[in-house]
Every structure is written in C-alpha cells, then in structure tokens.
Undergrad: 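Before we start, here is the structure in question, set down as structure tokens.
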Amino acid sequence: RSRILVSIGESFGTSEKFQKINQMVSSGDRLLKRGSEVSNHPKPLKRL
Amino acid sequence: DHQVLVKDNSDLKEAEKQLDDLIQMSTIQLKLLTEDSENQHFAYVSCQDLRSVMDPKQQMLMVMKAPPETQLQVSDPAEAFQIKLKSTRGAIDVFLCPED
Amino acid sequence: AQECQNLEMEKQRRMERIKQKRAQLQELLLQQIAFKNLVQRNQQNEQQNQGAPALNSTIKLPFIIVNTSKRTVIDCSISSDKFEYLFNFDNAFEIHDDIEVLKRMGMSFGLESGKCSPEDLRLAKSLVPKALEGYITDMSTGSSWVNQGLLCNSA
C-alpha cells in the first residue's frame with residue numbers, strides 16, 4: 001500500500017512533497033520505536 | 001462598511017491577479033533557465049558540496065538521477081521503510097556519496 | 001448586513017489565497033536565485049581551474065538525495081535494465097530534492113530563513129528581474145505578508 005507517489009526527474013518543484021514524505025517516515029519511525037519500547041517493558045502484573 | 005468591503009475586495013482581486021501573472025512569468029523564466037544548454041553544462045554539484053550539507057560521519061547519502069516522469073513510491077512506514085523507483089523513459093542511476 | 005458578511009468572508013478567502021500565492025512566488029524566486037548562483041559559481045571555478053572537474057566527482061541537476069543513518073541496513077533490488085529499484089531500509093530515511101541541497105549549500109543566500117547579509121541581498125537582487133526585487137527584500141527581512149500590506153512595496 002503506497003502512501004505517497006511522486007514524479008521525479010524534473011528540475012525543481014517537488015520540495016513540498018518530500019517534506020510530507022519525511023514527516024510521514026519520521027512519525028512512522030517514532031511509532032515503531034515507541035511500540036518496541038512498550039513491548040520491551042514487562043507487562044505490570046494484575047492486582048488481585 | 002459595505003463600501004469599504006467592496007473596495008477592499010476590489011483591491012484584493014487586483015493584487016491576486018498581479019500575483020498570478022508574476023507566478024506565471026517566474027515559472028516560465030525558471031523553466032527556460034534550467035533548459036538552457038549553457039546553464040545545463042554548469043548545473044552540477046560536487047561530492048564536496050553534498051558532504052557539506054550532510055554529516056558524512058553520521059549519515060549515508062545516496063544520490064538518485066532519474067529520467068523525467070519516473071515514479072517514486074514511498075510505502076507506509078507502519079508496514080516498511082521502503083522506496084520504490086520505476087522509470088518508463090530510461091535507466092535510473094543511483095550513487096553512494098563517498099565519505100572522503 | 002448579510003451582504004457585508006458575505007463580502008467579509010470573500011475578503012478573508014482572498015487574503016488567504018494571496019498569502020499562499022505570495023509564498024509560491026517567493027519559492028520560485030529562491031529557486032531562480034539558487035540555480036543562477038550555482039551556475040555562476042561553477043563557471044568561476046572552471047575558469048580558475050582551467051577546466052571542468054572530473055566527471056565522476058560531480059552530479060548534474062536534476063537529482064534527488066536519500067540520506068539515512070550510517071547504521072541503517074539497506075536491502076536493494078535492481079531490475080536488469082535499471083528501470084526499477086526497490087530499497088528496503090531497517091531505519092528511517094529522508095528524501096530531498098536538488099533545490100533543497102542548493103539551499104543548504106547557501107546558494108540562495110539564506111533568504112529562505114530570513115537571514116541574509118546586505119551584500120548577499122544585493123547579489124540576490126541582481127539575479128532576479130527588477131520588478132521582483134521587492135519580494136527579495138521582503139524575504140531577506142523575513143517580513144510577513146501582513147505588515148507589508150497586500151503586496152511588497154515595489155510591486
């Protein structure tokens with residue numbers, strides 16, 4: 001499932017699209033990192 | 001108030017039209033500039049230039065040169081950090097910027 | 001009262017559009033300045049060095065760059081005709097186009113960040129048509145659209 005499609009190979013004009021891509025990738029990266037952090041921590045034991 | 005608003009909108013309409021003309025003129029100028037063969041001969045960056053914008057100690061830098069209308073597709077990072085390049089008008093060249 | 005309200009809404013919409021178009025025009029002028037500045041720099045370098053640099057040490061425009069951490073592992077698949085590439089990264093990456101690289105090289109005299117020395121401002125203005133110099137001045141001072149009235153001084 002592609003999130004963003006950009007036509008390249010022409011001079012200038014694509015800066016904005018790449019800003020969107022970079023924001024999407026870095027936010028995805030944060031999500032992945034946060035997910036891995038959570039899975040590392042042992043789940044708190046349930047209290048009786 | 002009504003008269004002032006009518007005047008303001010008329011001024012804004014004129015200003016917007018001026019901007020449209022300037023944008024069109026500048027777009028054509030930039031196209032002519034980048035397509036001029038003499039300029040194309042001197043329109044390049046060196047490896048040093050590329051290293052000056054990225055810290056080569058920390059970052060790996062790939063340079064991609066593709067024919068016009070090449071499709072670059074970035075997948076959903078929740079699935080994978082993936083970039084797909086697909087050209088229909090010629091080969092794509094990818095270079096790694098050397099550290100030194 | 002209803003008509004005044006409609007006129008007020010039309011005025012706000014138009015002002016928003018003008019703000020976006022002004023930013024678009026300033027970006028076009030930045031690109032023009034950066035491109036001309038790069039061409040002039042390379043021409044001067046070639047005159048000083050009596051010739052062009054080695055072919056494998058330069059990248060012609062247009063291009064894009066992808067940068068990622070040095071620790072990133074990249075799995076790359078290439079079709080035999082080099083028409084298709086697939087890159088899988090195990091870490092985040094960034095993509096930038098050539099104009100962004102030129103800006104970071106200082107080819108647009110720092111206009112995009114509103115930090116431009118008087119000398120650089122003079123040079124930048126010399127690279128655009130006279131009628132548009134006002135926009136360059138506005139960019140160099142980082143002046144916002146509002147306090148410049150509807151358009152920059154000269155235009």
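In what follows, every heavy atom counts, from backbone to side chain, and hydrogens, waters and symmetry copies are set aside. Throughout, protein chains are lettered first and strands after them, A, B, ... in sequence-line order, and every chain is numbered starting at 1.
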Undergrad: Can you tell me how far apart CD (C/Q26) and CG (B/L22) are? Round to the nearest 0.5 Å.
TA: 11.5 Å
Undergrad: Chain B heavy atoms under 4.5 Å from C/I78: which part of the residue, side chain, backbone, both or neither?
TA: neither
Undergrad: For the backbone of B/L33 and the side chain of C/K36, can you confirm whether one donor and one acceptor N or O come within less than 3.5 Å of each other?
TA: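 Side chain of C/K36 to backbone of B/L33: no pair is present.
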Undergrad: Out of the candidates C/K19, C/R13, C/R14, C/R22, only one should pair with B/E16 under the salt bridge (charged side-chain N to carboxylate O under 4.0 Å, His left out) rule; please name it.
TA: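 Of all the options given, the one that passes is C/R14.
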Undergrad: Just do the side chain to side chain contact (heavy atoms under 4.5 Å, CB included) check on C/L61 and B/Y44 with the steps written out, would you?
TA: CA-CA 6 Å; C/L61 273 63; B/Y44 58 78; 5.5 Å; no
Undergrad: Between B/S46, B/A43, B/C47, which has the largest tally of heavy atom pairs under 4.5 Å with chain C?
TA: B/A43
Undergrad: Flag the one option from C/C76, C/P62, C/S79 with the top tally of heavy-atom pairs under 4.5 Å to chain B.
TA: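 Highest number of heavy-atom pairs under 4.5 Å: C/P62.
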Undergrad: If I measure from the heavy atoms of chain B, does C/D81 come under 4.5 Å with its side chain, its backbone, both, or neither?
TA: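 The backbone, not the side chain.
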Undergrad: So which residue, C/V66, C/L28, C/I65, ends up with the most heavy-atom pairs under 4.5 Å with chain B?
TA: C/V66
Undergrad: When only pairs under 4.5 Å are counted, which of B/Q59, B/M25, B/K13 shares the most heavy-atom pairs with chain C?
TA: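 Ranked by contacts with chain C, first place is B/Q59.
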Undergrad: Do you know which of C/T58, C/L38, C/N42 makes side-chain contact (heavy atoms from CB on, under 4.5 Å) with B/V45?
TA: C/L38
Undergrad: As an exercise, state the distance from NZ of B/K57 to NZ of C/K70, rounded to the nearest 0.5 Å.
TA: 8.0 Å
Undergrad: Between OH of C/Y85 and CG of B/D93, what distance do you get to the nearest 0.5 Å?
TA: 6.0 Å
Undergrad: Of all of B/G90, B/S52, B/P68, which one pairs up most often with chain C through heavy atoms under 4.5 Å apart?
TA: B/G90
Undergrad: Only pairs of heavy atoms separated by less than 4.5 Å count here; which of B/D1, B/N39, B/L61 has the most with chain C?
TA: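 Answer, by heavy-atom pair count under 4.5 Å with chain C: B/N39.
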Undergrad: Between B/K84 and C/E84, is a side chain to side chain contact (heavy atoms under 4.5 Å, CB included) present by the stated rule, with each step listed?
TA: CA-CA 7 Å; B/K84 188 172 183 180; C/E84 284 191 60; 3.9 Å; yes
Undergrad: Stepwise, does the side chain to side chain contact (heavy atoms under 4.5 Å, CB included) test hold for B/F42 with C/R41?
TA: CA-CA 9 Å; B/F42 292 105; C/R41 182 205 72 166; over 6 Å; no
Undergrad: Using a 4.5 Å cut-off on heavy atoms from C-beta on, say whether the side chain of C/N88 contacts that of B/I83.
TA: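 No, too far: nothing below the 4.5 Å cut-off.
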Undergrad: Indicate yes or no: does C/K11 engage B/D11 in a salt bridge with an N to O separation below 4.0 Å.
TA: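 The answer is no: the pair does not qualify as a salt bridge.
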Undergrad: I'd like to know which of C/D90, C/N56, C/T72, C/T68 tops the heavy-atom pair count under 4.5 Å against chain B.
TA: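 If we count pairs closer than 4.5 Å to chain B, C/T68 comes out on top.
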